[in-house]
Each structure stands twice: as structure tokens, then as C-alpha cells.
Amino acid sequence: MFKREQCDLCGDCLVDCQWMDVERGQAVEWIEAMMSGERTPVLDRCITCYACNEICPQGANPFDLIAGLQEKYHSLSSEESIAAQEARFEFSQELKDYPTAERVMSICVFGKTDAHLIQGELYDLPRVGGRPYFCWLLFSHIGAESVQRKRAQALVDRLALTGAREVVCFHDDCYAMLARLVPDYGIEVPFRPVHLSEYLVEFLKANKSRVKPLHMNIAYQRPCASRHTPEKEGFIDELFELVGVNRVKRAFDREKALCCAGIKMALGMGDPRPDQEKNILDAKNAGAQALVCLCPMCILSLSGIAQEYEMPLIFLGDLVRMAIGEKEHLG
Ligand code: SF4
Ligand code: SF4
């Protein structure tokens with residue numbers, strides 16, 4: 001939620017946005033206009049990377065202000081296309097055949113599209129996935145944040161049916177939704193959302209004797225959703241240390257991470273290639289032998305350009321599988 005009372009009109013959110021070139025005076029003018037509910041060019045230029053929520057020194061959540069207006073003015077998607085997308089993911093039947101366990105993993109809607117990433121010992125725990133467990137975070141990317149808010153309670157209720165005390169989130173979006181956004185909506189979460197990186201760190205620590213250091217230089221592709229939950233970044237660093245890889249220092253990492261631009265492509269907001277190219281080149285020039293991705297959508301979006309520049313993309317879970325000898329080591 002945008003916290004109007006915390007905004008001191010510094011303009012940082014738009015000045016530091018990687019997707020528009022805005023001078024401070026203009027930024028302040030646009031923020032003020034948006035606070036009055038007015039349409040500004042920001043609504044059409046914002047690719048919904050959530051970065052400004054992390055950039056804002058006052059914690060005012062400027063993206064939430066922008067998202068509300070993108071929905072009000074239908075600047076990203078028409079009412080019809082939002083309704084069609086909502087219908088695509090809706091699940092209204094009675095839920096049957098779900099596991100009950102102390103800990104379950106939610107694989108969101110990746111069971112069919114990315115089954116190859118959900119293989120082996122790491123995923124040998126009760127799992128839920130498919131439409132009933134879709135996390136709806138996509139909707140703030142298409143200018144319909146209210147859909148995500150409206151569907152949040154049903155998602156929590158379905159996951160709670162498992163009786164789990166902990167729900168491991170395969171997708172960063174699900175974690176952002178359950179750990180940050182759902183509580184912000186005032187909805188109680190009766191289980192602890194566990195980020196994939198935390199789960200993988202726990203696995204690595206329990207299987208230390210099986211881990212063979214990978215001795216690689218890697219770059220990390222931090223997904224947009226991580227802007228909502230920066231506090232879990234420590235697990236990412238710990239995981240890299242445990243598998244023996246060096247996270248290279250590069251321009252587009254941590255708070256300066258560059259979105260994979262997949263959503264730019266999906267929304268028809270221009271050619272994503274120059275942005276993707278500079279991202280891959282940044283990793284390459286920093287000495288990375290591979291780009292490690294947490295989000296399957298980043299892999300999908302960057303795969304073409306990565307192949308062109310001979311930069312292997314490795315899913316975070318696969319990095320762990322490589323370290324325990326379940327998957328072939330790239331080096
Ligand atoms: S939302 Fe935050 S970054 Fe943007 S102008 Fe207000 S205080 Fe500054
Ligand atoms: S969400 Fe991203 S693209 Fe949109 S204004 Fe904020 S930083 Fe810029």
C-alpha cells in the first residue's frame with residue numbers, strides 16, 4: 001500500500017528508475033500529480049519491476065501508487081484482457097486430493113511448463129500446484145493489482161487445507177505474495193512461508209558431506225518479486241557459499257538488479273533486446289561463467305540472448321543438484 005504520509009517528495013523513485021529517464025524536478029512533479037490521482041507518463045513507461053518500492057528511502061511504496069493508477073487508467077491492459085487473464089487462472093471447483101503434511105511445497109503453475117526444473121531429491125516432499133495454487137502476482141504486472149488482492153484469501157485458504165506449518169515456495173512470486181503482500185492486505189497466514197533459497201540452504205547443511213564445491217564464477221539474476229522480500233537475500237549468499245561458487249560483483253545486482261524484461265515483451269512495451277543484452281554482457285564482463293536464475297520466467301525471457309552470448313543459465317535448484325552430483329557440472 002502506498003504510504004502517502006511517509007513520502008517526502010524526494011523524487012528518488014523515478015530518478016533512479018532503470019526504465020525511464022527522469023530529472024528530479026519532473027519526478028517530483030509527477031509524484032505530486034499521481035498523489036492527486038492524475039495520469040502521468042510514468043504509467044505508460046513503468047514496466048512494473050517493483051524496484052522503486054525498494055529504492056524509496058522512506059518506505060512509502062511508490063510502485064503501489066503507480067500500480068493503482070495503472071489500473072484506474074487501464075494504461076497496461078484493457079478491462080477485457082484483464083478479465084480474460086483472470087478467467088484463465090480462476091479455480092472455482094471444490095478442492096479434492098490435496099496432501100496433508102507438516103511441510104508442503106507449492107510449485108505454483110510450473111508443474112507442466114517447467115517440470116524439468118522440479119526433479120530429483122530436493123523436490124521429494126508433498127507438493128501442491130496448478131491453478132488452485134496460482135499466486136496471482138502476475139496481475140500487478142499487467143495493471144490489475146486489485147485482482148491479486150481479491151484472490152489472496154482463497155490462495156491462503158487452499159494452502160491451509162494441507163494443515164502445513166510451513167509452505168516452501170518454489171517460485172519467488174509465491175513467496176513475495178505470502179510473506180509480504182498477503183499480510184499487507186490484512187490477511188492472516190496460518191503457516192510460515194519458506195523461501196526456496198532457505199529450503200535449499202537447509203538441505204545443503206543437512207547434506208554437507210555430499211556437497212562437492214563447484215568452483216565457478218557466477219552472476220545472479222535477481223527477480224522482480226525479490227524487491228518485496230529483500231530480507232531473504234542472506235539465504236542466496238549462504239547458498240552460493242555452501243556450493244562453492246563466487247557471486248561476481250557486477251553493476252546489475254542486488255538493489256541495482258535489472259529486470260529480465262520479460263514483462264516488457266509481454267506487454268508490448270518495446271524491444272527488450274537492448275536491456276537483456278546489457279544484462280548478459282554485464283555478467284560476462286564481470287567474469288561470470290554462468291547466470292544463476294531464481295525465477296523460471298527469467299530463464300524463459302533471457303534464454304535466447306544468453307545462448308547468443310554463450311552464457312549458460314542455471315536454475316538455483318539445479319545449482320544445488322550439480323553440487324550433490326545429481327546433475328552434470330557445467331565446468
Ligand atoms: S515515494 Fe519515496 S522515493 Fe518517491 S518521492 Fe516519495 S519518498 Fe521519495
Ligand atoms: S516499478 Fe520499476 S519501472 Fe516502474 S517506476 Fe518503479 S522502478 Fe520504474
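When a ligand or atom number is given, it counts from 1 through the structure's own listing order. This is a predicted model, so every value here is computed, not measured.
- Among protein heavy atoms, the minimum distance from atom 5 (S) of ligand 1 is reached at G11 N, 3.2 Å.
- Residue contacts with ligand 1 for L9 involve N, CA, C or O but no side-chain atom from C-beta outward (heavy atoms, distance under 4.0 Å).
- Proximity to C56 (heavy-atom distance under 4.0 Å) selects the following atoms of ligand 1: 1 (S), 2 (Fe), 3 (S), 7 (S).
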Can M35 and L9 be said to form a side chain to side chain contact (heavy atoms under 4.5 Å, CB included), step by step? CA-CA 10 Å; M35 282 166 79; L9 291 173; 4.0 Å; yes
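- Ligand 2 places these atoms under 4.0 Å from at least one heavy atom of M20: 5 (S).
- Side-chain contact annotation: R273 with Q276, donor-acceptor N/O pair under 3.5 Å absent.
- Under the 4.5 Å side-chain heavy-atom criterion for ILVMFWY residues, a single connected hydrophobic cluster contains both L239 and Y220.
- Every atom of ligand 2 is numbered from 1 in the order shown, and the set under 4.0 Å from a heavy atom of I66 is 5 (S).
- In this structure, H141 has its ring center under 6.0 Å from that of Y50.
- The single protein non-hydrogen atom nearest to atom 3 (S) of ligand 2 is I47 N, 3.4 Å, given as residue, atom name and distance.
- Ligand 1 places these atoms under 4.0 Å from at least one heavy atom of P62: 1 (S).
- In this structure, atom 6 (Fe) of ligand 1 lies nearest to the protein heavy atom C7 SG, 2.4 Å.
- Heavy-atom proximity to Y50, at under 4.0 Å, picks out these atoms of ligand 2: 1 (S), 2 (Fe).
- A side-chain hydrogen bond (donor to acceptor under 3.5 Å, both in side chains) with D172 is found for one member of H228, K232, R222, R227 and no other, namely K232.
- The CZ atom of F203 sits 4.0 Å away from atom CD1 of I324, with the distance rounded to the nearest 0.5 Å.
- C17 SG, 2.3 Å is the protein heavy atom nearest to atom 8 (Fe) of ligand 2.
- Listed by number with element, the atoms of ligand 2 under 4.0 Å from a non-hydrogen atom of F63 are 1 (S).
- Between the side chains of N279 and Q221, at least one donor N or O sits under 3.5 Å from an acceptor N or O.
- Side-chain N or O atoms of E326 include none that pairs as donor or acceptor with a backbone N or O of G120 at under 3.5 Å.
- At a 4.0 Å heavy-atom cut-off, ligand 1 does not touch A27 at all.
- Residue C52 places no heavy atom under 4.0 Å from ligand 1.
- Heavy-atom contacts of D8 reach the following atoms of ligand 1: 7 (S), 8 (Fe) (cutoff under 4.0 Å).
- Checking Q148 against Y185 by side-chain atom types alone, a donor-acceptor pair falls below 3.5 Å.
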